[in-house]
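All values reported here derive from a predicted model rather than from experimental measurement.
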Amino acid sequence: MVEHPAPGEVVWRDDAGVTCRRWNRRQRTRTRLPHDTTRAMFVLDAPGPVDDTALKAAGDQLVEALTDSSPGVTIASRPLDAAWNSASRPLGAA
């Protein structure tokens with residue numbers, strides 16, 4: 001079955017096509033992180049009923065898991081607020 005994103009729907013994509021719709025992750029061979037991955041980006045979002053405290057706890061757990069599994073890992077993070085609009089910023093812009 002072929003699915004098509006609705007106009008304005010948030011999707012993640014690469015040159016091969018859409019990999020994720022509606023903020024939900026989909027585990028696929030082409031989007032997994034192999035053991036030799038050296039750079040990755042994780043986006044944690046807090047749609048209701050998740051609040052900022054729960055989001056921070058999830059982020060802390062992710063940092064702990066990455067640190068435990070990848071000695072020497074460098075981690076940087078920054079919060080994005082509702083005013084940050086990805087539609088008005090090119091990919092990769094701060």
Colleague: NZ of Lys56 to OG of Ser77: how many Å apart, nearest 0.5 Å?
Modeller: 8.5 Å
Colleague: Got a sec: does the CG of Asp52 have more than 12 other heavy atoms crowding it under 6.0 Å?
Modeller: no
Colleague: Below 3.5 Å, can you tabulate the donor-acceptor pairs from side chains in residues 63-74 to any protein atom, sequence neighbours excluded?
Modeller:
from: Thr67; atom 1: OG1; to: Val63; atom 2: O; distance (Å): 2.7
from: Ser69; atom 1: OG; to: Ala65; atom 2: O; distance (Å): 2.9
from: Ser69; atom 1: OG; to: Leu66; atom 2: O; distance (Å): 3.4

Colleague: Do you know the tightest heavy-atom contact between Thr37 and Ala40?
Modeller: CG2-CB, 4.3 Å
